[in-house]
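Everything below concerns the one structure shown next.
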Number of protein chains: 2
Amino acid sequence: MNAALTLVGKGRHFASLGIREVTRQAGVVPTSFYRHFRNMDDLGLQLVDELGLVLRRMMREARNNVLQADKLMEESVGIFISHVQANRSFFFFMAQGLAGESRAVQEGIRSELRFFASELANDLRRLRLADHLSDADLDLTCDLVVRTVAFSLTDLLGVSPDDDYQIEQIRKRTTRFLQLVFVGAAHWQSGEA
Amino acid sequence: MNAALTLVGKGRHFASLGIREVTRQAGVVPTSFYRHFRNMDDLGLQLVDELGLVLRRMMREARNNVLQADKLMEESVGIFISHVQANRSFFFFMAQGLAGESRAVQEGIRSELRFFASELANDLRRLRLADHLSDADLDLTCDLVVRTVAFSLTDLLGVSPDDDYQIEQIRKRTTRFLQLVFVGAAHWQSGEA
DNA sequence: TACCGTTGTGTACAGTTGTTCACTTATGTG
DNA sequence: CACATAAGTGAACAACTGTACACAACGGTA
C-alpha cells in the first residue's frame with residue numbers, strides 16, 4: 001500500500017498502476033502481491049479505509065483547535081492544508097479516486113465525504129452556530145462546504161508543496177469561499193427556493 | 001479521439017488506456033495511431049480542445065435561454081445537466097482530467113474552467129445582477145459557482161443516465177447550492193474578511 | 001492523367017504484464 | 001523447542017504492450 005501511494009505521490013495515476021510496478025516499488029517479487037490483495041481494486045479499497053483514518057485525524061485536530069467560533073474558518077482551512085501537505089500522497093489518491101476507474105473506490109471516497117459533512121453538521125449544531133437553519137438546510141450547507149474544500153484540494157495538489165506563495169493564495173481563496181457560503185447560510189430562509 | 005472517448009464513456013480511466021487499445025476500438029491498426037498523435041498525452045490535449053467547444057456550446061445555449069433573471073439558476077443547471085447527458089463521455093474525460101496523470105491536460109481543463117467562470121462574471125455584470133459586488137468579489141463568486149457545478153458533475157456521472165429520480169435530486173441539490181452561494185453574494189460586503 | 005502528401009497496413013521485435021505453481025523462509029504461539 | 005500460519009521466492013507461461021520500418025491505398029490538385 002505504501003508503494004502504491006508513493007507512486008501516486010510521484011504523479012502517477014492509480015488507475016494506470018500495475019501489480020508488477022507496485023511490487024517492484026515495494027522491493028518485493030510480483031507474486032507476493034497476491035498474499036495481500038486479490039487485485040489492484042482490492043488494494044484501492046484498503047487505501048480508502050486508511051484514507052478514512054487520515055480524515056478522522058484531521059477532523060479531530062480541527063475540533064480541538066477551533067474553540068472560539070470567530071476564527072473557525074481560517075483555522076479549519078489551515079489545518080486542512082497542513083494535513084494535505086503532511087499526507088500528500090493520500091490526498092492525491094483521494095482526488096483521483098473521485099473520478100476513478102473503480103466504482104467501489106469511488107463510492108468509498110464519496111461516502112467518506114458524506115460522513116465528513118454530517119460530522120461537520122453535528123459540530124455546528126453543538127456549537128449552536130446554526131440555530132436558525134433546519135436540519136436539511138444545515139446538511140445542504142455542510143455538504144457545500146465539504147465540496148468546496150475538496151475542490152480546493154485539486155488546486156493544492158496542482159502546485160508544488162513548497163510554493164508558499166501559491167499555497168497562501170489557495171488558503172485565502174478557500175477561506176473566502178467558505179465565508180461566502182456561510183454568509184449565504186446566515187441569510188438563508190427555507191421558503192425562498 | 002472518438003475511440004478513446006468511447007472507452008472512457010464505458011468507465012475506463014483515460015490514464016489507463018493504451019495505444020493498441022484505442023486503435024483496436026477505432027478499428028484501425030496500431031501503427032496508424034502515430035499518423036495523428038505522438039502519444040496518449042497528445043491525444044488527451046486534443047480532447048481538451050474539443051472539450052472546450054462542448055463547453056462553449058453549452059454556454060451559448062445558457063445565454064440564449066436565460067432571458068429573465070428569476071429562473072436563471074434553475075434553467076442553467078437544467079441546461080448543464082442536459083449537456084452532460086448528451087456528451088457523457090466528454091464530461092467523464094473532464095472529471096478524470098482534473099486529477100489526471102498528465103499535467104498538461106490537467107492545466108488545460110483547469111483553464112477551461114477559469115474561462116467559464118470569467119465569462120459568467122461578464123454575463124452577470126452585463127445583466128446588472130451583481131452591481132453591489134467589486135470585480136474581485138464577483139470573480140470569487142463565479143469561481144465558486146463553477147466549482148460547485150463541476151463537483152456536481154461527479155455526482156451526475158456516478159448515477160445511471162436514465163435514473164431520472166436521482167438526476168432530479170442532483171438537479172435540485174445543485175440548484176440549491178447555487179442559490180446559497182448567491183444569497184451569500186447578495187449579502188456580502190468586501191470588508192468583512 | 002500523373003503526381004504527391006496523407007492515412008492506413010503487415011510484419012517484426014524486444015520488453016512488460018497478470019497469474020500459476022511448487023518452493024523456501026520468517027514469525028509468533030502452544 | 002516444535003509447529004502452524006503468514007510472507008516471500010523463482011521460474012514459467014501466454015498475452016499484451018509501444019514502437020520501428022517498408023510498403024500500399026487513398027484523395028485532391030496541377
Side-chain angles (χ1 to χ4, degrees), chain A residues 1-53 89-90 92-93 96-97 99-109, chain B residues 1-53 89-90 92-93 96-97 99-109:
Chain A
M1 292 168 70
N2 285 336
L5 224 40
T6 302
L7 290 170
V8 166
K10 283 183 188 163
R12 300 291 316 280
H13 191 106
F14 184 79
S16 76
L17 296 182
I19 288 175
R20 285 187 113 101
E21 201 177 358
V22 171
T23 55
R24 199 180 309 131
Q25 167 76 31
V28 132
V29 102
T31 39
S32 281
F33 181 88
Y34 297 98
R35 298 288 173 197
H36 306 269
F37 315 100
R38 297 221 318 288
N39 49 44
M40 282 302 282
D41 262 28
D42 189 15
L43 199 171
L45 281 179
Q46 299 202 215
L47 276 180
V48 172
D49 291 345
E50 271 209 23
L51 174 66
L53 298 181
S89 309
F90 259 115
F92 264 107
F93 174 72
Q96 292 182 358
E101 183 154 80
S102 154
R103 189 53 64 109
V105 167
Q106 211 171 122
E107 190 45 48
I109 293 179
Chain B
M1 294 168 71
N2 285 336
L5 224 40
T6 303
L7 289 171
V8 167
K10 284 183 187 162
R12 298 293 313 280
H13 190 107
F14 184 79
S16 77
L17 296 183
I19 288 175
R20 284 188 114 103
E21 200 178 358
V22 171
T23 54
R24 199 180 309 131
Q25 168 75 31
V28 133
V29 100
T31 39
S32 280
F33 181 89
Y34 297 99
R35 299 288 173 196
H36 306 270
F37 315 100
R38 297 221 319 287
N39 49 43
M40 282 301 282
D41 263 27
D42 188 16
L43 199 170
L45 281 178
Q46 300 202 215
L47 277 180
V48 172
D49 291 344
E50 271 210 21
L51 175 65
L53 298 180
S89 309
F90 259 115
F92 264 106
F93 174 73
Q96 291 181 359
E101 183 154 80
S102 154
R103 189 54 63 110
V105 167
Q106 210 171 121
E107 190 45 49
I109 293 178

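Numbers restart at 1 for each chain; the letters A, B, ... are given by sequence-line order, proteins then strands. Predicted, not measured: the structure shown is a model, and the values here were computed from it.
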For the student: nearest non-hydrogen atoms of A/Leu17 and A/Ala4, plus distance: CD1-O, 3.9 Å

Atom pair NE2 (A/His36) and CG (A/Asp42), whose distance is rounded to the nearest 0.5 Å: 11.5 Å

A/Ser89 to A/Leu5 - nearest heavy-atom pair and separation: CB-O, 3.4 Å

Those residues of residues 9-24 of chain B lying under 4.0 Å from DNA chain D by at least one heavy atom: B/Gly18, B/Ile19, B/Arg20, B/Arg24

Close side-chain approach of B/Phe37 to B/Ile19, heavy-atom, < 4.5 Å: no

A/Glu101 (side chain) donor-acceptor with B/His13 (main chain) under 3.5 angstrom: yes

Close side-chain approach of A/Val105 and A/Phe93, heavy atoms under 4.5 Å: yes

Side-chain heavy atoms of B/Val48 within contact of B/Ile109, under 4.5 Å: yes

Side-chain heavy atoms of A/Glu50 within contact of A/Gln46, under 4.5 Å: no

Closest nucleotide among D/dG18, D/dG8, D/dA11 to the B/Tyr34 side chain: D/dG18

Where chain B begins and ends its contact with DNA chain C, read 5' to 3' at 4.0 Å from heavy atoms: C/dT7 to C/dA12

Check: A/Thr31 side chain, D/dG8 base, donor-acceptor under 3.5 Å: no

Atom-to-atom span, CZ of B/Arg35 to P of D/dC21 - whole angstrom: 12 Å

Touch class at under 4.0 angstrom, heavy-atom based, for B/Val29 against every strand present: base

D/dA6 OP1/OP2 closer than 4.0 Å to side-chain N/O of A/His36: no

